[in-house]
Amino acid sequence: MTSARILSVSEVNQYLKTLLETNSLLKNLTIQGELSNVKRAASGHLYFSLKDATSKIDCVMFKNAAMVLKFIPKEGQQVTLRGSLGVYLPSGQYQITVRSMEPQGVGDLFQAYLALKSELEVQGYFDQERKKKLPEIISRVGIVTSPTGAAIKDMIAIIKRRNPLIDIVIYPSLVQGDEAPKNIIQGIRTFNERQSVDVIVIGRGGGSIEDLWAFNDKNLARAILESELPVISAVGHEIDYTISDFVSDLRAPTPSGAAELVAEETMSMTRALVQLKRRLIQSLETKIVSNREQLGRMKKEFLRFHPRERIGDMRLHLDVIQERMLRSVKGRLKNDRLQIKNIEMRLGLMNPMNVLKKGYVRVTDNQGLSIGSVAGLKVDQRIKLHFIDGEVDAEIRSIKEN
């Protein structure tokens with residue numbers, strides 16, 4: 001009995017590749033299905049899956065064929081493509097190498113996504129004016145995602161690298177399947193009830209439209225809308241859009257992008273404070289230097305006038321002025337005294353009491369007015385005679401004019 005030949009893995013894959021590629025039916029396939037997990041590589045090649053209700057198959061469309069497409073392939077789109085079935089030798093997976101592709105319509109899931117998006121947009125779920133801004137300083141971030149996925153590891157690594165002062169609180173949740181929306185909603189509500197974080201991030205890594213479908217849930221959209229805390233949606237790759245992206249307060253293109261945004265908010269504030277501090281120090285240093293220069297100029301200008309010598313000269317000058325003032329004041333006082341004596345003498349000469357001492361009498365009427373003439377006097381009029389030592393009441397008996 002002959003033993004069977006032992007084949008290597010490469011030989012088996014090569015044999016299958018030859019079988020598939022030499023089959024006339026498989027060499028010229030025309031197949032219809034729904035696009036899923038569409039990715040365009042940096043090389044220009046297009047990678048995606050084609051699926052129906054029960055199965056899917058991987059496809060590749062190389063750059064030269066992808067460049068002549070008259071439309072942009074999108075998730076959930078129904079297409080008809082032509083190509084050949086082959087085997088990718090390194091992994092042993094079979095795939096369709098697509099030569100041409102034409103759009104046929106929108107897949108069921110994508111159609112449901114568009115319908116819900118339109119409904120929520122009309123209801124104001126996506127209005128910009130209701131969206132909350134992220135806090136200027138974020139000290140703690142809550143993340144609702146799978147605790148074992150690659151996305152959470154990348155987010156933690158990025159946040160800790162960019163800003164190690166930020167605390168990270170993880171709410172473990174399913175991110176795929178029928179139960180995932182309930183888990184994510186509960187995570188959002190838990191963070192809101194405890195108010196233990198500054199911002200919430202929900203998300204997961206990339207995948208097909210089916211993989212990301214949990215984030216197209218209407219109840220989840222309502223939970224995001226009602227959240228008091230700002231919510232960042234970080235689902236899939238940059239080209240992936242879900243309902244949570246439109247409802248959330250901020251959309252990040254990827255989970256890693258969300259981590260950068262969260263850390264950036266605090267980092268930007270820190271950088272602004274550092275820059276402000278630097279400007280303040282520079283301003284103070286400039287002011288100090290300017291003041292020193294001004295003081296130096298003032299000192300030189302001050303010394304140029306020899307202030308000590310000038311003060312000494314001014315003191316001597318003040319002494320001379322003081323001496324002159326004293327002489328002037330003394331002379332003025334002497335003159336004033338002489339004037340006062342002269343006035344006293346003149347007042348003494350004019351004092352009516354001195355006249356009375358010589359025997360003269362001052363005569364006044366009954367109202368106290370002096371009488372210096374007989375004119376206007378009447379017989380029997382009462383008068384008063386003022387002597388040096390008293391007064392006498394008198395009455396006119398006769399009047400004789402000179």
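Source: prediction; values computed, not measured.
- Taken to the nearest 0.5 Å, the CD atom of E102 stands 9.5 Å off from the OG1 atom of T30.
- Summarising the local packing, CG of D178 is surrounded by 12 or fewer heavy atoms from other residues, nucleotides or ligands at distances under 6.0 Å.
- Side-chain contact, D211 with Q176: a donor N or O sits under 3.5 Å from an acceptor N or O.
- Here the options are K63, M67, R40, the test is side-chain contact (heavy atoms from CB on, under 4.5 Å), and the partner is L46; only R40 passes.
- Smallest separation of non-hydrogen atoms from A263 and I166: CA-CD1, 3.9 Å.
- Using a 4.5 Å heavy-atom cutoff, the side chains of F191 and L229 are in contact.
- Contact between A151 and R204 at its shortest, heavy atoms only, is CB-C, 4.2 Å.
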Inset, instruction - Give the C-alpha distance, both sets of side-chain angles, the deciding distance and a yes or no for side-chain contact (heavy atoms from CB on, under 4.5 Å) between K74 and V38. - result: CA-CA 7 Å; K74 295 180 180 179; V38 181; over 6 Å; no
Inset, instruction - Using the side chain to side chain donor-acceptor pair (under 3.5 Å) rule, take T190 and Q186 through it: C-alpha gap first, then chi angles, then the decisive distance, then the call. - result: CA-CA 6 Å; T190 299; Q186 188 57 45; 3.3 Å; yes
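- Rounding to the nearest 0.5 angstrom, the gap separating the CZ atom in F215 from the CG atom in D240 is 11.5 Å.
- With Q195 contributing its side chain and N192 its backbone, the two residues share a donor-acceptor pair below 3.5 Å.
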Inset, instruction - Take E193 and R189 through the salt bridge (charged side-chain N to carboxylate O under 4.0 Å, His left out) test and state the conclusion after the steps. - result: CA-CA 6 Å; E193 289 169 3; R189 289 176 176 169; over 6 Å; no
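- Residues L50 and L35 are in side-chain contact: their nearest non-hydrogen atoms beyond the backbone lie under 4.5 Å apart.
- The environment of CD1 in I72 is sparse: at most 12 heavy-atom neighbours from other residues, nucleotides or ligands sit within 6.0 Å.
- Separation of atoms CG (N366) and CD (Q381) is listed at 7.0 Å; rounding is to 0.5 Å.
- Residues S244 and T242 bring a donor and an acceptor atom of their side chains to less than 3.5 Å of each other.
- Between I243 and L220, every side-chain heavy-atom pair lies at or beyond the 4.5 Å cut-off.
- Heavy atoms only, all atoms of each residue included: L81 and F48 are closest at CD2-CE1, 4.0 Å.
- Side-chain contact check for Y171 versus I143: every heavy-atom pair is 4.5 Å or farther apart.
- I170 places a side-chain heavy atom less than 4.5 Å from the side chain of I156.
- At a threshold of 4.5 Å between non-hydrogen side-chain atoms, the residues I57 and L85 count as touching.
- No more than 12 heavy atoms of other residues, nucleotides or ligands sit less than 6.0 Å from atom CZ of R194.
- A 4.5 Å side-chain heavy-atom check between V197 and V141 finds every atom pair outside the cut-off.
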Inset, instruction - Take S36 and E75, measure what side-chain contact (heavy atoms from CB on, under 4.5 Å) needs, and give me the verdict at the end. - result: CA-CA 5 Å; S36 177; E75 192 80 15; 3.5 Å; yes
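- Taking CD from E34 and NZ from K56, the interatomic distance works out to 11.5 Å, rounded to the nearest 0.5 Å.
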Inset, instruction - Decide yes or no on side-chain contact (heavy atoms from CB on, under 4.5 Å) for R161 and I158, but give the supporting numbers first. - result: CA-CA 5 Å; R161 184 184 73 248; I158 291 171; 4.1 Å; yes
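- Rounded to the nearest 0.5 angstrom, R332 CZ and M325 CE are separated by 12.5 Å.
- No donor-acceptor pair closer than 3.5 Å links the side chain of D249 to the backbone N or O of K131.
- Between A258 and M155, the shortest heavy-atom contact is CB-CE, 4.4 Å.
- With hydrogens and angles ignored, the 3.5 Å screen pairs a side-chain donor or acceptor of T286 with a backbone N or O of Q282.
- Summarising the geometry of N219 relative to D217, their closest heavy-atom pair is N-OD2, 2.9 Å, with the distance given to 0.1 Å.
- Residues R292 and L295 are not in side-chain contact: their nearest non-hydrogen atoms beyond the backbone lie 4.5 Å or more apart.
- Atom CZ of F246 sits in a crowded spot, with more than 12 heavy atoms from other residues, nucleotides or ligands closer than 6.0 Å.
- For the side-chain contact (heavy atoms from CB on, under 4.5 Å) criterion with V175, the lone passing option out of V235, T145, N183, V144 is T145.
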Inset, instruction - Check the pair R99, N28 against side-chain contact (heavy atoms from CB on, under 4.5 Å), reporting the backbone distance first and the verdict last. - result: CA-CA 10 Å; R99 293 189 294 270; N28 296 288; 3.5 Å; yes
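- More than 12 heavy-atom neighbours from other residues, nucleotides or ligands sit within 6.0 angstrom of NZ on K160.
- R130 and Y125 form no side-chain donor-acceptor contact under 3.5 Å, judged by distance and modelled atom types alone.
- The two residues L261 and R251 come nearest to each other via the heavy atoms CD1-O, 4.4 Å.
- For the pair S248 (side chain) and D245 (backbone), a donor-acceptor distance under 3.5 Å is present.
- The structure places CD1 of I31 at 8.0 Å from CG of D52, a figure rounded to the nearest 0.5 Å.
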